[in-house]
Every structure is written in C-alpha cells, then in structure tokens.
J.: 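Here it is, the structure in full.
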Amino acid sequence: MSRDSDAPPAPVAFGRWAVPLLAEQLRLPGRDVRLRALAALIDVLRQPLRGPEALTEGFLQQLKVLLEDEDPCVRAKVCQLLHVLAAHTCGRQALLAASFLPPLSQLLEDPPCRRTVFLLLSRLSLHSSGRVSLLTLLPKLMKKLQEEEEEEEDEVQVLFLSLLRCCFQADPEAALRSDAVALLAPKLSNGALNICKAAAAAMMALSVPMGGKVEVCDQKVLPAVAALLQEEDEEAQLNATGVIMFAAVTTAGKLQCLHLNVLPVLLKLACDRHEDEDMRRRRKPLVMNSVRGLTMLAETPEGRRLLQDQLPLLRRTSEEEEDVDIQRVFETAIQVVTFTP
Amino acid sequence: MDGGRMYVFSSRPRVVEDPWKPRWSPSERMQQKHGNIMRDPRVFRGITSSQPLKFAEESTTRAVGPKQVRRKFRARTPEAVQGRKHVDVQTESYLEELSDIPEVKETECQTDAFLDRPETPIFLAAKTGKDAATQIYEGDLFDFEEEVQPILEILVGKTLEQSLLEVMEEEELAALMAQQRAFLERRNNELPEVHRLQEQERRRREERERRMAEQRRALEEEKEVAEKIAARALTQQQLADLVPSVLASLRREGYFYDPVERDVETHFFPRLMDDVESILQKNCRVRELLDEIIYDVTQKSLDALEELETKASDP
C-alpha cells in the first residue's frame, strides 16, 4: 500500500484545465490511474487560491461515490483531499451542504481513513452550522465510545475525544441522555496523559447543565479528576479545574471535593505568582478556574472555615493582580468567604 | 536494446546452418548440428589474387565420411565433347589479365644522411570571400544583472505571494480556533458564576420555602390545637349536664322502673281494667236495655195513645 501512495502524481494540465481533466481521470476504471489522479489533485488544491476551484457540484458528487470505493487507498486519498478542501470556509460550507456526513460516518470504522476523517470533522466543527450537523453523528460516536477497542493509537483517541467535546458543547442534553458520563469516566484514568486531558475537557463540557453535574457527582468521576489535578501539565490542570468548578456548584459536588482534599491544591494554583508576562497570560484561565472553584467550595461551612484562615493570602494576591477579570473573581471569592447570614 | 546495458546486434547472432542438410526436411531443422565455421566449405580461404580459386574441400584432412562420398559423387560440369576444350573465359565488360605474377613496381627512397627533415610549411588556405569586421562595444552584449532583474522580481514576488497566502490560510484556521477558544474561556469565566448564583438562589429559595412551609404547618397545628381545645371545652360543657339530663330523660322514658311496680302494671292492671271495662260494659248494656225497654214502653204507650186518638176522632 505504501508503494501506491508514493506513486508519482498524474501530469497536471496548466491553468483552468487542471482540475477538470483530473476529474475526468477519476472516472476511469483503473485503480492506479485514480490513485495518481487523486495525488495530483491533492497537490493542486493545496496551493493557496486553487482550493475553491474544485467546488463544483459534479466533482463533489464524484468524490462521494469514490468514498465508497472498495480500495482502502482510494478512500484514504479521498479523505485527504476532503481535508485539504475543508481548509477553506467555502469548502466547509460546500461539504456540509452536499451532505458528506453520512458516508464519512461510515468511514470512521475504517482504519486507514480514521485519522483523516477525525481531522476533517474537527475542521468542520469550526463553524456553528458544522457543529449542529455534527450532532447528527452523535449517536454513532456514543456507540463508538461504548465499544472502544484498545488498539487505537493515542492520537486518534485524542482526536476522537476532542470531537466528542465539540458535540457535547453543542448539545450536552442529548449526550447525557445517552449515558455519556458513565462511558467517559474510564477514559479519565486511562494511561496516556493526552487521553486524560481530552477526556477531562469533554467531561467539562458535559458538566455544564444541571443534569450533567448531578451525574458527575453520582458516577464518582471526581477522584480521577482530582488525580489529574496533581499533574504538572497545564492543560490537564486547566481541564481538571474546569470540571471541579462546574461540578462543585451542587451540594453533593462540594462535599465530594472537600472530601477529596482538593482545596489546598486549588489554593496553590490560584495564588502561584509568575513573573513572566507570557506565563501569566497563559495561566489566566487556570487561575480563574481555580478561584471559581474556591468560591464554590467556600459556600460550605467547612470550606468557609478553611478559607477564612487563608483570607490574608487571598487578599494579598488579589491586590497584586493586575488583570481586572482576575481581580473581580478574587473579590467575589472574598465576598463569599466573609459572608455571614 | 536491452535497456542500453550492452550493445547487441539488431539480429541476434545465430548458428550457421549445416549446409549439407537438405532444406526440405523441416523435422530435422530442430536438431541442427553446429558446423565449424573454419571448415565450412563456403568460406573461402586464401588470397584473392594468386592461385586460381581453390575451395577447402580438397585440403580437408577429415576422415572421409558419407558426406565426403556424397561430395565426390556430386555432379560436375560434364567433360568436353571431343574436339572441344573447356576454357575459362572472363565475361565481364572490362577484361582483366589474370596472371600469377602481380604487377609490381619498385621504388626506393632514402633520406639524406645529415639533413633533418624540414618543417612542413603551415597550410594556408587560399583566401576566398569578402573581408568583414565587427566590434562589440560595452553595452551591446547581454547584461545578466539587468536582464535577470524582472525575472527575479516575478519569481520572488510569486513565491512570497504564495507563501503569504498559505500562511494566511493557516492563520485563518488558527484564528478560528483561537476565537473558539477565547469564546470558550469567556463562557467558562461567566458560566460557573452564573451557575453558582443560580444554585445559591435555588438553595435560598428552597430554604425559604421550606421555612415558610414549616411556619405554615406550625400555624395550622396551632389552629388545630386551639380548635381541639375549644371543642373539648364545648363538649365538656355539654357533657356536664348531659348525664343528669340523660338520667332524667331515661327516667322519664321509663327505663328505670321498679320491677314490682312494673309487674303490677303489666299484669295486674290490664286485668283490672278489663274487669272494670267489662263491668262498665255490663252497666252500659244494662242501661241500654233499660233504654230499650223504656223506648219500647213509650212507643207502646204512644201507639196506644195514637190508637186512642184515632178511635176518638172517628165517632
């Protein structure tokens, strides 16, 4: 198979005739001819302004037919071509309008094409209309989550989880109805850090509606999330604090978090000062998440008591902070801590 | 021809066929015997201009085999008829004297003992044609620096343009993702606060409602208790003179009785009354009888009187 993908691309005509002639070649029966024509098309359409040339109706229909070809190399190349097309806005819109999603969802099962299809779908999700169309794929994705095999590479799993995150952000209710939290929970304690990070991001999207928060507390997801909080990686910490922040809105969540001794970690994350401007800017979401988490936890009597001891530290950090948003968040936290009925 | 690796003939070298095989036996063509080309009688050995032509067959030293026998018996030109002689004659258009002895001419040459051979003079061809001269001045020739300028400009410009476009496309995608991420961040900033406040509100509301419900329940209970007390007081009040009145009414109804009295009443009195009644009835009957008797008597007297009257009236 590698020999075929290294086959030299077909000769390309000059100017306006390039794409139509190559499209003609795609109709021919020989497999090698089609592979070479596809390779040439990918090269042509990758050039900056030539992508939209290919967006005629007939061409897209032909590509849809080729997606169901028997040969896996042809299918992989067509997916690559679609990936190149999806780099343009008009390409994305055309793909969505020509209803490519059903055949693409078939190809999710196909090993050579899987990665490209995921990349393609993540590009499509850059639009809100794309996200809405991706919701139609949600049942299939949930089923895939259910019957997940172990042999997939990490990268594909990370892509899959980030795609799930987009879907969950668009419509968390539908996902919760299909038991997403229970299916996602094992991934949080999976081996690789990337997978845990991506799973935590998806869980954060799921815990936005109230039902999600309740389920997160019920399914005992929070211990795994607290473990993720201890990691050094910034993004992992960010996602973990996000989940905690959302889940701690409910009383059960608050109690679980206090039980898991999350408070000191959040405090450390919030009040850690960095001198470097860039570093501070990058850490801004992390700091905000941590302080919000502290605010949630401060609504319990025990949390309030613990934080009242730390009140000078909080006040000092809030005064030193230059960013207005972070200051505001600290103010709210201090307000909650010093609240008396 | 074979990929340019080695030079081969355009027609591959093939073995020369053995000439003594009859050509009309194709079955034996497959088993061609390779004849030695040195001994091939068709190949002429010898100098062309000396002896008369001799063929190899006479000088062969091979053992006489069947082939030789066949050769010897091959048909030759028949002998000359008597009186005639065969002579070799040249029939070409230009006759040539054939002889054994070639024509030779001898010349001798000898260089001088002490003189070196002089230099050959330089060959100067005779001058033909017209003379013409040309001179190239400074700016006439092609100046690379100048000519290359526009081409370079185009090349560099196009490359830069393409790369700029490619970078712009990538930037566009990155900007979209950054925008998404920024939106998510902003959402994550505001959303938990909103949720927290909502949750707080909900908790307070629930608390408030719970307390109000409790209060209401307390009030209701109090009211119930008060009603109960009032009811109890009322009933007590009523029940206070209930018992004597009940007793009195019972006594009135006759539920408390003296058994003897009752017995007397139930058994004795009816009989007594019956007896009294019978006596009174008797009295009544007697009086009725008496009345009847009186009536009868009066009637009779009246009748008698009437009779008397009628009798009196009729004189």
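Owing to the predicted nature of the structure, the values given are computational and were not obtained by experimental measurement. Computation of the quantities below employed the complete heavy-atom set of this structure, encompassing side-chain atoms and omitting hydrogens, waters and symmetry-equivalent molecules.
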J.: Measuring heavy-atom distances to chain B, does A/Lys213 have an atom under 4.5 Å in its side chain, in its backbone, in both, or in neither?
T.: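 A/Lys213 touches chain B through side-chain heavy atoms alone.
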
J.: Is it the case that atom CD in A/Glu234 sees more than 12 heavy atoms from other parts of the structure closer than 6.0 Å?
T.: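 Correct, the count exceeds 12.
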
J.: If you check every heavy atom in residues 159-178 of chain B against those of chain A, which residues fall under 4.5 Å?
T.: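 Only B/Gln162, B/Leu165, B/Glu166, B/Glu169, B/Glu172, B/Leu173, B/Leu176, B/Met177 of residues 159-178 of chain B have a heavy atom under 4.5 Å from chain A.
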
J.: For chain B, which residues of residues 293-304 of chain A have at least one non-hydrogen atom nearer than 4.5 Å to it?
T.: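 Expected list: A/Thr295, A/Met296, A/Glu299.
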
J.: If contact means a heavy atom pair closer than 4.5 Å, which residues of residues 239-252 of chain A contact chain B?
T.: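 Only A/Met245, A/Phe246, A/Val249, A/Thr250, A/Thr251 of residues 239-252 of chain A have a heavy atom under 4.5 Å from chain B.
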
J.: Top residue by heavy-atom pair count (under 4.5 Å) with chain B, among A/Thr89, A/Val329, A/Asn289, A/Val208?
T.: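 Counting heavy-atom pairs under 4.5 Å, the top option is A/Val208.
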
J.: Counting only heavy atoms not in B/Tyr94, do more than 12 fall under 6.0 Å of its OH?
T.: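 No, because the 6.0 Å sphere around OH of B/Tyr94 holds 12 heavy atoms or fewer from other groups.
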
J.: Quick check on the structure: residues of residues 181-208 of chain B within a heavy-atom distance below 4.5 Å of chain A, by number.
T.: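 Within residues 181-208 of chain B, near chain A: B/Leu184, B/Glu185, B/Arg187, B/Asn188, B/Asn189, B/Leu191, B/Pro192, B/Glu193, B/His195, B/Arg196, B/Glu199, B/Gln200, B/Arg203, B/Arg204.
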
